[in-house]
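These notes concern the structure reproduced below.
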Amino acid sequence: MKKVLLAFLGVAAMGALCLFCLFLPERTDIVVVGGGAAGMSAAIEATERGCSVVLLEKMSYLGGNSLRATGGMNAACTEEQKKNGIVDSLDSYYQDTMKAGHWLNNKKLVRLLVRNSAESVSWLEHMGLDLSDVGRLAGHSISRTHRPAGGAPIGTSLIPVLTGQLNKRGIDVRTENRVIGLLHNQKGTEVFGVLTETREGRQYKIKASAVIIASGGFGSEPALYVKMDPDLKGFKTTNQPGATGDYLSIVEGLHPALVDMSYIQTHPTVEPNNGVLITEAVRGNGAVLVNRNGYRFTDELAFRDVLSREILKQPEKSAYLIFDDQIRKSLSATDTYFAMNLITKADTLSELAEMLGIHPVVLSQSVQRYNQLVMIGEDRDFGRNDLPSEIIHAPFYGIRIVPAVHYCMGGLKINEKAEVISESGGAIKRLFAAGEATGGIHAATRLGGNSLADAVTFGRIAAREAASLSRR
Ligand SMILES: Cc1cc2nc3c(=O)[nH]c(=O)nc-3n(C[C@H](O)[C@H](O)[C@H](O)COP(=O)(O)OP(=O)(O)OC[C@H]3O[C@@H](n4cnc5c(N)ncnc54)[C@H](O)[C@@H]3O)c2cc1C
(Lines give C-alpha, C1' and ligand atoms only; values in the text may rest on other atoms or scores of the structure.)
Protein backbone atom coordinates (compact mmCIF):
# COMPACT_ATOMS: atom_id res chain seq x y z
CA MET A 1 0.00 0.00 0.00
CA LYS A 2 2.83 2.34 0.99
CA LYS A 3 4.61 1.54 -2.29
CA VAL A 4 1.46 2.33 -4.30
CA LEU A 5 1.07 5.63 -2.46
CA LEU A 6 4.71 6.54 -3.10
CA ALA A 7 4.38 5.67 -6.79
CA PHE A 8 1.21 7.74 -7.01
CA LEU A 9 2.92 10.72 -5.35
CA GLY A 10 5.90 10.35 -7.73
CA VAL A 11 3.68 10.41 -10.79
CA ALA A 12 1.72 13.38 -9.40
CA ALA A 13 4.97 15.31 -8.75
CA MET A 14 6.23 14.59 -12.29
CA GLY A 15 2.90 15.74 -13.71
CA ALA A 16 3.01 18.96 -11.70
CA LEU A 17 6.59 19.58 -12.87
CA CYS A 18 5.62 19.04 -16.52
CA LEU A 19 2.65 21.38 -16.12
CA PHE A 20 4.95 23.97 -14.52
CA CYS A 21 7.42 23.62 -17.42
CA LEU A 22 4.56 24.06 -19.87
CA PHE A 23 3.78 27.49 -18.47
CA LEU A 24 7.40 28.55 -18.07
CA PRO A 25 8.49 30.77 -20.93
CA GLU A 26 10.98 29.20 -23.31
CA ARG A 27 14.53 30.51 -23.25
CA THR A 28 17.00 31.17 -26.02
CA ASP A 29 19.99 33.44 -26.56
CA ILE A 30 18.56 35.46 -29.43
CA VAL A 31 15.11 35.83 -30.94
CA VAL A 32 14.99 37.10 -34.51
CA VAL A 33 11.69 38.60 -35.66
CA GLY A 34 11.18 38.14 -39.41
CA GLY A 35 12.56 35.73 -41.97
CA GLY A 36 13.74 38.01 -44.80
CA ALA A 37 17.34 38.73 -45.78
CA ALA A 38 18.03 40.75 -42.61
CA GLY A 39 16.54 38.20 -40.20
CA MET A 40 18.05 35.17 -41.91
CA SER A 41 21.51 36.78 -42.09
CA ALA A 42 21.23 37.72 -38.41
CA ALA A 43 20.22 34.20 -37.40
CA ILE A 44 23.10 32.62 -39.33
CA GLU A 45 25.66 35.07 -37.98
CA ALA A 46 24.43 34.64 -34.38
CA THR A 47 24.66 30.86 -34.67
CA GLU A 48 28.19 31.19 -36.05
CA ARG A 49 28.99 32.98 -32.82
CA GLY A 50 27.74 30.09 -30.74
CA CYS A 51 24.29 31.43 -29.82
CA SER A 52 21.02 29.56 -29.73
CA VAL A 53 18.50 31.32 -31.98
CA VAL A 54 14.76 31.18 -32.58
CA LEU A 55 13.65 32.83 -35.83
CA LEU A 56 9.95 33.74 -35.93
CA GLU A 57 8.20 34.43 -39.23
CA LYS A 58 4.51 35.26 -39.44
CA MET A 59 3.95 34.07 -43.00
CA SER A 60 3.86 30.39 -44.00
CA TYR A 61 7.10 30.81 -45.96
CA LEU A 62 10.44 32.55 -45.48
CA GLY A 63 11.76 35.35 -47.66
CA GLY A 64 9.62 38.45 -47.21
CA ASN A 65 10.25 41.19 -49.76
CA SER A 66 13.79 39.86 -50.08
CA LEU A 67 12.44 36.90 -52.03
CA ARG A 68 11.05 39.34 -54.61
CA ALA A 69 14.32 41.21 -55.12
CA THR A 70 15.36 41.13 -58.74
CA GLY A 71 17.97 43.70 -59.74
CA GLY A 72 20.76 42.76 -57.33
CA MET A 73 22.82 43.79 -54.35
CA ASN A 74 25.30 46.66 -54.21
CA ALA A 75 28.87 46.51 -53.05
CA ALA A 76 32.00 48.48 -53.84
CA CYS A 77 35.54 47.19 -54.43
CA THR A 78 34.56 43.53 -54.69
CA GLU A 79 36.48 40.68 -56.27
CA GLU A 80 33.67 40.38 -58.82
CA GLN A 81 34.13 44.01 -59.89
CA LYS A 82 37.88 43.46 -60.22
CA LYS A 83 37.31 40.35 -62.35
CA ASN A 84 35.04 42.44 -64.62
CA GLY A 85 37.61 45.25 -64.86
CA ILE A 86 35.40 47.70 -62.92
CA VAL A 87 37.29 50.29 -60.89
CA ASP A 88 35.09 51.47 -58.04
CA SER A 89 35.79 53.28 -54.77
CA LEU A 90 34.15 53.36 -51.35
CA ASP A 91 33.88 57.11 -51.67
CA SER A 92 32.00 56.92 -54.96
CA TYR A 93 29.51 54.44 -53.45
CA TYR A 94 29.14 56.67 -50.40
CA GLN A 95 28.56 59.80 -52.52
CA ASP A 96 25.96 58.06 -54.72
CA THR A 97 24.04 56.78 -51.67
CA MET A 98 24.11 60.18 -49.98
CA LYS A 99 23.08 61.99 -53.15
CA ALA A 100 20.09 59.67 -53.60
CA GLY A 101 19.09 60.34 -49.98
CA HIS A 102 19.31 64.12 -50.56
CA TRP A 103 22.23 64.15 -48.06
CA LEU A 104 19.78 63.57 -45.23
CA ASN A 105 21.11 60.06 -44.54
CA ASN A 106 22.79 59.06 -41.29
CA LYS A 107 26.39 59.41 -42.48
CA LYS A 108 27.84 56.98 -39.95
CA LEU A 109 25.44 54.22 -40.98
CA VAL A 110 26.09 54.84 -44.67
CA ARG A 111 29.87 54.64 -44.09
CA LEU A 112 29.35 51.35 -42.28
CA LEU A 113 27.20 50.02 -45.12
CA VAL A 114 29.75 51.02 -47.74
CA ARG A 115 32.76 49.69 -45.80
CA ASN A 116 31.10 46.31 -45.15
CA SER A 117 29.44 45.87 -48.55
CA ALA A 118 32.19 43.82 -50.22
CA GLU A 119 32.40 41.58 -47.16
CA SER A 120 28.63 41.00 -47.30
CA VAL A 121 28.93 39.89 -50.92
CA SER A 122 31.83 37.53 -50.22
CA TRP A 123 29.99 36.14 -47.13
CA LEU A 124 27.05 35.19 -49.36
CA GLU A 125 29.29 33.84 -52.10
CA HIS A 126 31.10 31.74 -49.56
CA MET A 127 27.74 30.18 -48.66
CA GLY A 128 27.16 29.33 -52.32
CA LEU A 129 25.35 32.34 -53.82
CA ASP A 130 26.38 33.25 -57.35
CA LEU A 131 26.90 37.03 -57.57
CA SER A 132 29.20 37.04 -60.56
CA ASP A 133 27.16 39.36 -62.83
CA VAL A 134 27.81 43.03 -62.06
CA GLY A 135 25.44 45.60 -63.53
CA ARG A 136 24.55 49.21 -63.07
CA LEU A 137 21.29 50.50 -61.68
CA ALA A 138 19.88 54.04 -61.69
CA GLY A 139 21.76 56.66 -59.69
CA HIS A 140 25.06 54.77 -59.55
CA SER A 141 28.13 56.27 -61.11
CA ILE A 142 29.57 52.83 -61.80
CA SER A 143 28.50 49.17 -62.13
CA ARG A 144 28.29 47.75 -58.60
CA THR A 145 25.03 45.80 -58.47
CA HIS A 146 25.82 42.10 -58.00
CA ARG A 147 23.50 39.32 -59.15
CA PRO A 148 23.62 35.77 -60.44
CA ALA A 149 25.18 35.02 -63.84
CA GLY A 150 23.13 36.04 -66.85
CA GLY A 151 21.35 38.74 -64.86
CA ALA A 152 19.02 36.28 -63.11
CA PRO A 153 16.80 37.62 -60.28
CA ILE A 154 18.68 37.70 -57.01
CA GLY A 155 15.91 37.01 -54.47
CA THR A 156 14.99 33.55 -55.71
CA SER A 157 18.66 32.51 -55.45
CA LEU A 158 19.47 34.33 -52.21
CA ILE A 159 16.60 33.00 -50.08
CA PRO A 160 17.18 29.29 -50.88
CA VAL A 161 20.90 29.76 -50.07
CA LEU A 162 20.09 31.39 -46.72
CA THR A 163 17.39 28.80 -45.99
CA GLY A 164 19.93 26.05 -46.69
CA GLN A 165 22.26 27.62 -44.13
CA LEU A 166 19.49 27.87 -41.52
CA ASN A 167 18.72 24.18 -42.04
CA LYS A 168 22.36 23.14 -42.05
CA ARG A 169 22.89 24.82 -38.69
CA GLY A 170 19.68 23.38 -37.26
CA ILE A 171 18.34 26.85 -36.44
CA ASP A 172 14.90 26.82 -34.83
CA VAL A 173 12.76 28.48 -37.52
CA ARG A 174 9.03 28.85 -36.85
CA THR A 175 6.81 30.05 -39.67
CA GLU A 176 3.21 31.15 -39.00
CA ASN A 177 4.44 32.56 -35.70
CA ARG A 178 3.67 36.28 -35.48
CA VAL A 179 5.45 38.35 -32.88
CA ILE A 180 2.90 40.63 -31.24
CA GLY A 181 4.90 42.28 -28.48
CA LEU A 182 8.09 42.45 -26.48
CA LEU A 183 8.75 41.43 -22.90
CA HIS A 184 10.32 44.47 -21.26
CA ASN A 185 10.78 46.28 -17.99
CA GLN A 186 8.24 48.80 -16.77
CA LYS A 187 10.19 51.82 -17.98
CA GLY A 188 10.56 50.30 -21.44
CA THR A 189 14.35 50.64 -21.32
CA GLU A 190 15.29 46.95 -21.49
CA VAL A 191 13.90 43.99 -23.41
CA PHE A 192 13.76 40.39 -22.15
CA GLY A 193 12.05 38.50 -24.96
CA VAL A 194 8.97 38.34 -27.19
CA LEU A 195 5.30 37.50 -27.09
CA THR A 196 4.23 35.45 -30.09
CA GLU A 197 0.99 34.19 -31.57
CA THR A 198 0.65 31.04 -33.65
CA ARG A 199 -1.68 30.71 -36.62
CA GLU A 200 -4.15 28.89 -34.35
CA GLY A 201 -4.17 31.89 -31.98
CA ARG A 202 -2.09 30.37 -29.17
CA GLN A 203 0.07 32.97 -27.50
CA TYR A 204 3.40 32.16 -25.86
CA LYS A 205 6.51 33.90 -24.57
CA ILE A 206 10.16 33.36 -25.38
CA LYS A 207 12.75 34.86 -23.07
CA ALA A 208 16.02 35.91 -24.67
CA SER A 209 19.24 37.78 -23.97
CA ALA A 210 18.55 39.89 -27.05
CA VAL A 211 15.86 40.46 -29.67
CA ILE A 212 16.54 41.49 -33.28
CA ILE A 213 13.64 43.06 -35.13
CA ALA A 214 13.90 42.34 -38.86
CA SER A 215 10.21 42.46 -39.75
CA GLY A 216 10.48 44.60 -42.89
CA GLY A 217 8.55 47.68 -43.98
CA PHE A 218 4.91 48.70 -44.44
CA GLY A 219 4.56 48.78 -48.23
CA SER A 220 1.51 46.50 -48.05
CA GLU A 221 -0.34 48.66 -45.53
CA PRO A 222 -2.09 51.41 -47.53
CA ALA A 223 -3.66 52.98 -44.43
CA LEU A 224 -0.17 53.54 -43.05
CA TYR A 225 1.66 54.67 -46.17
CA VAL A 226 -1.13 57.02 -47.20
CA LYS A 227 -1.09 58.47 -43.67
CA MET A 228 2.67 59.04 -44.02
CA ASP A 229 2.40 60.36 -47.60
CA PRO A 230 -1.13 61.29 -48.74
CA ASP A 231 0.07 61.53 -52.38
CA LEU A 232 0.23 57.72 -52.43
CA LYS A 233 -3.54 57.28 -52.24
CA GLY A 234 -4.65 54.74 -54.85
CA PHE A 235 -1.14 53.50 -55.62
CA LYS A 236 -0.52 49.80 -56.10
CA THR A 237 2.35 48.08 -54.32
CA THR A 238 5.19 45.77 -55.27
CA ASN A 239 5.41 44.39 -51.70
CA GLN A 240 4.53 40.99 -50.27
CA PRO A 241 1.33 40.89 -48.18
CA GLY A 242 3.24 40.51 -44.88
CA ALA A 243 4.89 43.94 -45.20
CA THR A 244 2.50 45.61 -42.79
CA GLY A 245 4.85 47.53 -40.47
CA ASP A 246 4.31 45.23 -37.49
CA TYR A 247 7.38 46.65 -35.75
CA LEU A 248 5.28 49.68 -34.83
CA SER A 249 2.93 47.62 -32.67
CA ILE A 250 5.65 45.21 -31.49
CA VAL A 251 7.61 48.05 -29.86
CA GLU A 252 4.56 49.64 -28.23
CA GLY A 253 5.38 50.78 -24.71
CA LEU A 254 9.08 51.26 -25.45
CA HIS A 255 8.97 54.70 -27.10
CA PRO A 256 11.60 54.10 -29.77
CA ALA A 257 12.62 56.97 -32.03
CA LEU A 258 11.33 56.71 -35.59
CA VAL A 259 13.08 58.37 -38.52
CA ASP A 260 12.16 59.34 -42.10
CA MET A 261 8.70 57.74 -41.88
CA SER A 262 7.24 59.94 -44.61
CA TYR A 263 9.89 58.89 -47.16
CA ILE A 264 8.24 56.11 -49.11
CA GLN A 265 9.80 55.11 -52.39
CA THR A 266 7.74 54.42 -55.45
CA HIS A 267 9.32 52.19 -58.06
CA PRO A 268 8.87 53.85 -61.45
CA THR A 269 8.38 50.75 -63.57
CA VAL A 270 5.60 48.46 -62.37
CA GLU A 271 3.15 46.64 -64.63
CA PRO A 272 -0.21 48.20 -63.71
CA ASN A 273 -2.49 45.16 -63.88
CA ASN A 274 -0.48 42.60 -61.92
CA GLY A 275 1.72 44.91 -59.85
CA VAL A 276 4.81 43.10 -61.14
CA LEU A 277 7.97 45.16 -60.79
CA ILE A 278 9.99 45.42 -63.99
CA THR A 279 13.51 45.48 -62.67
CA GLU A 280 15.60 48.61 -63.05
CA ALA A 281 18.22 46.36 -64.63
CA VAL A 282 16.14 46.43 -67.87
CA ARG A 283 16.82 50.16 -68.06
CA GLY A 284 20.33 49.64 -66.72
CA ASN A 285 21.02 47.27 -69.62
CA GLY A 286 19.71 49.74 -72.18
CA ALA A 287 15.89 50.07 -72.34
CA VAL A 288 14.33 53.48 -72.97
CA LEU A 289 11.12 55.03 -71.70
CA VAL A 290 8.64 56.74 -73.99
CA ASN A 291 5.24 58.24 -73.29
CA ARG A 292 1.88 57.40 -74.86
CA ASN A 293 2.70 59.69 -77.79
CA GLY A 294 5.98 57.91 -78.47
CA TYR A 295 8.32 60.60 -77.13
CA ARG A 296 11.29 59.89 -74.89
CA PHE A 297 10.89 62.28 -71.95
CA THR A 298 13.55 61.61 -69.31
CA ASP A 299 16.89 60.18 -68.24
CA GLU A 300 15.85 56.56 -67.69
CA LEU A 301 18.52 56.16 -65.02
CA ALA A 302 17.44 59.12 -62.91
CA PHE A 303 16.77 58.51 -59.21
CA ARG A 304 13.54 56.62 -58.56
CA ASP A 305 11.73 59.61 -57.02
CA VAL A 306 12.62 61.87 -59.98
CA LEU A 307 11.65 59.25 -62.54
CA SER A 308 8.36 58.43 -60.80
CA ARG A 309 7.45 62.14 -60.84
CA GLU A 310 8.35 62.43 -64.53
CA ILE A 311 6.17 59.43 -65.41
CA LEU A 312 3.23 60.84 -63.47
CA LYS A 313 3.47 64.03 -65.60
CA GLN A 314 2.96 62.03 -68.83
CA PRO A 315 -0.39 61.35 -70.51
CA GLU A 316 -2.37 58.73 -68.54
CA LYS A 317 0.30 59.03 -65.79
CA SER A 318 2.14 56.11 -67.31
CA ALA A 319 4.89 55.28 -69.81
CA TYR A 320 6.26 52.43 -71.91
CA LEU A 321 9.55 50.58 -71.56
CA ILE A 322 10.99 49.76 -74.97
CA PHE A 323 13.89 47.35 -75.50
CA ASP A 324 15.33 44.90 -78.00
CA ASP A 325 16.38 41.29 -78.12
CA GLN A 326 19.99 42.03 -77.16
CA ILE A 327 18.81 43.60 -73.90
CA ARG A 328 16.42 40.73 -73.28
CA LYS A 329 19.22 38.20 -73.74
CA SER A 330 21.52 40.10 -71.37
CA LEU A 331 19.06 39.70 -68.52
CA SER A 332 17.46 36.38 -67.77
CA ALA A 333 15.39 38.13 -65.08
CA THR A 334 13.13 39.20 -67.96
CA ASP A 335 12.15 35.55 -68.63
CA THR A 336 9.57 35.78 -65.84
CA TYR A 337 7.84 38.73 -67.50
CA PHE A 338 7.61 36.82 -70.75
CA ALA A 339 6.34 33.72 -68.97
CA MET A 340 3.62 35.90 -67.41
CA ASN A 341 2.71 37.36 -70.81
CA LEU A 342 3.41 40.89 -69.64
CA ILE A 343 5.55 41.91 -72.61
CA THR A 344 4.40 42.82 -76.11
CA LYS A 345 6.69 41.57 -78.86
CA ALA A 346 6.98 42.65 -82.51
CA ASP A 347 9.40 42.32 -85.42
CA THR A 348 9.59 46.05 -86.07
CA LEU A 349 9.32 49.15 -83.92
CA SER A 350 6.31 50.46 -85.91
CA GLU A 351 4.50 47.17 -85.43
CA LEU A 352 5.30 47.28 -81.72
CA ALA A 353 4.01 50.86 -81.50
CA GLU A 354 0.73 49.88 -83.13
CA MET A 355 0.28 46.92 -80.80
CA LEU A 356 0.90 49.16 -77.78
CA GLY A 357 -1.25 52.01 -79.08
CA ILE A 358 1.69 54.43 -79.43
CA HIS A 359 2.25 56.71 -82.45
CA PRO A 360 4.43 54.48 -84.75
CA VAL A 361 6.33 57.25 -86.55
CA VAL A 362 7.15 59.12 -83.34
CA LEU A 363 8.32 55.94 -81.59
CA SER A 364 10.62 55.01 -84.47
CA GLN A 365 12.03 58.55 -84.53
CA SER A 366 12.56 58.56 -80.75
CA VAL A 367 14.47 55.26 -80.87
CA GLN A 368 16.49 56.42 -83.89
CA ARG A 369 17.44 59.59 -82.04
CA TYR A 370 18.40 57.55 -78.96
CA ASN A 371 20.58 55.28 -81.11
CA GLN A 372 22.37 58.37 -82.51
CA LEU A 373 23.07 59.52 -78.95
CA VAL A 374 24.47 56.07 -78.12
CA MET A 375 26.76 56.36 -81.16
CA ILE A 376 28.11 59.75 -80.10
CA GLY A 377 28.31 58.54 -76.49
CA GLU A 378 26.42 61.45 -74.99
CA ASP A 379 22.76 61.89 -74.11
CA ARG A 380 22.35 65.51 -75.25
CA ASP A 381 18.59 65.32 -74.69
CA PHE A 382 18.26 64.12 -71.09
CA GLY A 383 21.79 63.65 -69.71
CA ARG A 384 21.61 59.88 -69.19
CA ASN A 385 25.14 58.99 -68.19
CA ASP A 386 25.20 55.36 -69.30
CA LEU A 387 24.23 54.45 -72.85
CA PRO A 388 25.00 50.71 -73.11
CA SER A 389 23.79 49.88 -76.65
CA GLU A 390 21.66 50.91 -79.59
CA ILE A 391 18.15 49.47 -79.76
CA ILE A 392 18.43 47.74 -83.13
CA HIS A 393 18.18 43.99 -82.61
CA ALA A 394 14.76 42.59 -83.54
CA PRO A 395 12.44 41.46 -82.14
CA PHE A 396 11.48 44.54 -80.15
CA TYR A 397 9.62 44.56 -76.87
CA GLY A 398 7.41 46.98 -74.95
CA ILE A 399 5.43 47.15 -71.75
CA ARG A 400 3.25 49.82 -70.14
CA ILE A 401 4.40 50.80 -66.65
CA VAL A 402 3.30 53.03 -63.77
CA PRO A 403 4.98 53.95 -60.47
CA ALA A 404 3.92 51.88 -57.42
CA VAL A 405 4.75 51.88 -53.72
CA HIS A 406 7.98 49.96 -53.28
CA TYR A 407 10.16 50.65 -50.26
CA CYS A 408 9.86 52.37 -46.87
CA MET A 409 12.99 54.39 -46.19
CA GLY A 410 11.85 55.21 -42.65
CA GLY A 411 11.68 53.03 -39.57
CA LEU A 412 13.26 52.40 -36.20
CA LYS A 413 16.24 54.60 -35.45
CA ILE A 414 19.39 52.55 -34.90
CA ASN A 415 23.02 53.33 -34.08
CA GLU A 416 26.18 51.76 -35.52
CA LYS A 417 25.69 48.70 -33.31
CA ALA A 418 22.17 48.28 -34.76
CA GLU A 419 20.77 49.00 -31.30
CA VAL A 420 17.30 50.56 -31.32
CA ILE A 421 17.38 54.13 -30.06
CA SER A 422 14.65 55.48 -27.80
CA GLU A 423 12.92 58.85 -28.13
CA SER A 424 15.02 60.06 -25.21
CA GLY A 425 18.22 59.31 -27.15
CA GLY A 426 19.70 56.25 -25.42
CA ALA A 427 19.85 52.71 -26.76
CA ILE A 428 17.07 50.37 -25.60
CA LYS A 429 18.97 47.56 -23.92
CA ARG A 430 19.02 44.18 -25.66
CA LEU A 431 16.92 45.39 -28.59
CA PHE A 432 18.40 45.48 -32.09
CA ALA A 433 16.92 46.06 -35.54
CA ALA A 434 18.01 45.63 -39.14
CA GLY A 435 16.75 45.92 -42.71
CA GLU A 436 13.65 47.69 -43.93
CA ALA A 437 12.23 47.96 -40.41
CA THR A 438 14.91 50.58 -39.72
CA GLY A 439 15.40 54.12 -41.01
CA GLY A 440 18.27 56.52 -41.51
CA ILE A 441 20.44 54.76 -44.07
CA HIS A 442 18.58 55.65 -47.25
CA ALA A 443 16.78 58.87 -46.19
CA ALA A 444 14.86 60.64 -48.99
CA THR A 445 15.29 57.88 -51.55
CA ARG A 446 17.06 54.56 -51.77
CA LEU A 447 19.43 53.50 -54.52
CA GLY A 448 18.39 50.27 -56.26
CA GLY A 449 20.41 47.38 -54.85
CA ASN A 450 21.07 49.13 -51.54
CA SER A 451 18.37 47.40 -49.57
CA LEU A 452 19.81 43.91 -49.73
CA ALA A 453 23.23 45.36 -48.96
CA ASP A 454 21.67 47.06 -45.92
CA ALA A 455 19.68 43.99 -44.81
CA VAL A 456 22.62 41.57 -44.97
CA THR A 457 25.18 43.99 -43.52
CA PHE A 458 23.10 45.30 -40.63
CA GLY A 459 21.49 41.90 -39.97
CA ARG A 460 25.00 40.60 -39.32
CA ILE A 461 26.04 43.63 -37.28
CA ALA A 462 22.93 43.26 -35.10
CA ALA A 463 23.72 39.57 -34.60
CA ARG A 464 27.35 40.23 -33.63
CA GLU A 465 26.31 42.80 -31.04
CA ALA A 466 23.44 40.67 -29.74
CA ALA A 467 25.77 37.66 -29.49
CA SER A 468 28.21 39.64 -27.37
CA LEU A 469 25.36 40.26 -24.87
CA SER A 470 24.30 36.64 -24.68
CA ARG A 471 27.82 35.60 -23.74
CA ARG A 472 27.83 37.91 -20.70
C1 LIG B 1 9.51 43.43 -56.02
C2 LIG B 1 10.71 43.88 -55.23
C3 LIG B 1 11.97 43.90 -55.83
C4 LIG B 1 13.08 44.34 -55.09
N5 LIG B 1 14.32 44.29 -55.68
C6 LIG B 1 15.41 44.64 -54.93
C7 LIG B 1 16.72 44.50 -55.45
O8 LIG B 1 16.92 44.03 -56.56
N9 LIG B 1 17.76 44.88 -54.68
C10 LIG B 1 17.60 45.38 -53.42
O11 LIG B 1 18.59 45.71 -52.76
N12 LIG B 1 16.36 45.50 -52.89
C13 LIG B 1 15.28 45.14 -53.61
N14 LIG B 1 14.03 45.23 -53.06
C15 LIG B 1 13.91 45.64 -51.66
C16 LIG B 1 14.35 44.52 -50.78
O17 LIG B 1 13.98 43.28 -51.30
C18 LIG B 1 13.77 44.61 -49.36
O19 LIG B 1 13.61 45.89 -48.96
C20 LIG B 1 14.71 43.94 -48.41
O21 LIG B 1 14.96 42.66 -48.86
C22 LIG B 1 14.15 43.97 -47.00
O23 LIG B 1 14.71 42.91 -46.25
P24 LIG B 1 14.18 42.67 -44.78
O25 LIG B 1 14.78 41.40 -44.34
O26 LIG B 1 14.40 43.89 -43.97
O27 LIG B 1 12.60 42.54 -44.94
P28 LIG B 1 11.76 41.40 -45.65
O29 LIG B 1 12.56 40.68 -46.64
O30 LIG B 1 10.50 42.01 -46.10
O31 LIG B 1 11.49 40.38 -44.45
C32 LIG B 1 10.72 40.73 -43.33
C33 LIG B 1 9.99 39.49 -42.85
O34 LIG B 1 9.40 39.73 -41.57
C35 LIG B 1 8.14 39.10 -41.54
N36 LIG B 1 7.31 39.70 -40.50
C37 LIG B 1 6.65 40.88 -40.54
N38 LIG B 1 6.01 41.09 -39.37
C39 LIG B 1 6.28 40.03 -38.58
C40 LIG B 1 5.87 39.66 -37.26
N41 LIG B 1 5.06 40.43 -36.54
N42 LIG B 1 6.31 38.49 -36.75
C43 LIG B 1 7.12 37.67 -37.48
N44 LIG B 1 7.50 37.96 -38.75
C45 LIG B 1 7.10 39.13 -39.28
C46 LIG B 1 7.62 39.31 -42.94
O47 LIG B 1 6.57 38.43 -43.25
C48 LIG B 1 8.87 39.08 -43.78
O49 LIG B 1 9.02 37.74 -44.14
C50 LIG B 1 12.92 44.79 -53.77
C51 LIG B 1 11.65 44.76 -53.17
C52 LIG B 1 10.56 44.31 -53.88
C53 LIG B 1 9.23 44.30 -53.22
Side-chain angles (χ1 to χ4, degrees), residues 31-43 54-75 113 117 120 135 137 145-147 151-156 158-159 162 173-182 194-198 211-221 237-251 265 267 269-271 275-281 284 304 333 336 404-409 411-412 433-438 441-442 446-459 462:
V31 169
V32 176
V33 185
M40 293 165 102
S41 302
V54 177
L55 187 153
L56 300 163
E57 164 58 52
K58 72 172 177 182
M59 304 298 280
S60 57
Y61 55 90
L62 292 175
N65 275 348
S66 308
L67 183 61
R68 298 187 169 206
T70 314
M73 169 173 167
N74 298 334
L113 171 77
S117 60
S120 296
L137 296 185
T145 307
H146 297 65
R147 54 200 173 209
I154 185 166
T156 44
L158 169 70
I159 296 305
L162 293 176
V173 174
R174 302 180 196 175
T175 51
E176 298 187 322
N177 275 258
R178 186 167 65 96
V179 174
I180 54 175
L182 295 172
V194 296
L195 177 63
T196 306
E197 188 173 75
T198 63
V211 174
I212 300 173
I213 297 182
S215 57
F218 52 90
S220 270
E221 192 59 58
T237 183
T238 64
N239 281 207
Q240 64 110 2
T244 47
D246 289 18
Y247 64 87
L248 291 168
S249 55
I250 292 172
V251 297
Q265 180 172 74
H267 192 288
T269 57
V270 177
E271 200 281 331
V276 174
L277 177 149
I278 309 300
T279 178
E280 202 160 273
R304 289 175 177 181
T336 323
V405 166
H406 183 54
Y407 184 85
C408 303
M409 270 78 73
L412 297 165
E436 200 174 336
T438 67
I441 297 172
H442 311 287
R446 172 185 70 95
L447 278 181
N450 254 1
S451 175
L452 289 179
D454 164 6
V456 174
T457 302
F458 283 90

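Atoms within each ligand, like the ligands themselves, are counted from 1 in listed order. As a basis for the values below, the full set of heavy atoms in this structure was taken, side chains included, without hydrogen atoms, waters or symmetry mates. Please read all numbers here as calculations on a predicted model, not as lab measurements.
- Residues passing the ring-ring contact (aromatic ring centres under 6.0 Å, His included) test with H442, sequence neighbours excluded: Y407.
- Between E280 and R304 there is a salt bridge, with a side-chain nitrogen of the basic residue lying less than 4.0 Å from a carboxylate oxygen of the acidic one.
- Listed as neighbours of ligand 1 are V33, G34, G35, G36, A37, A38, L56, E57, K58, M59, G63, G64, N65, S66, R68, A69, T70, G71, G72, N177, R178, V179, A214, S215, G216, T238, N239, Q240, G242, D246, I250, L277, H406, Y407, G435, E436, R446, G449, N450, S451, L452, A455, each bearing a heavy atom under 4.0 Å from the ligand.
- Residues satisfying the side chain to side chain donor-acceptor pair (under 3.5 Å) test with T145, not counting sequence neighbours, are N74.
- There is no side-chain donor-acceptor pair under 3.5 Å between T244 and S220.
- No side-chain donor from either of H267 and T238 sits under 3.5 Å from a side-chain acceptor of the other.
- Under the rule for a side chain to side chain contact (heavy atoms under 4.5 Å, CB included), the partners of A437 that lie at least two apart in sequence or sit in another chain are I213, S215, Y247.
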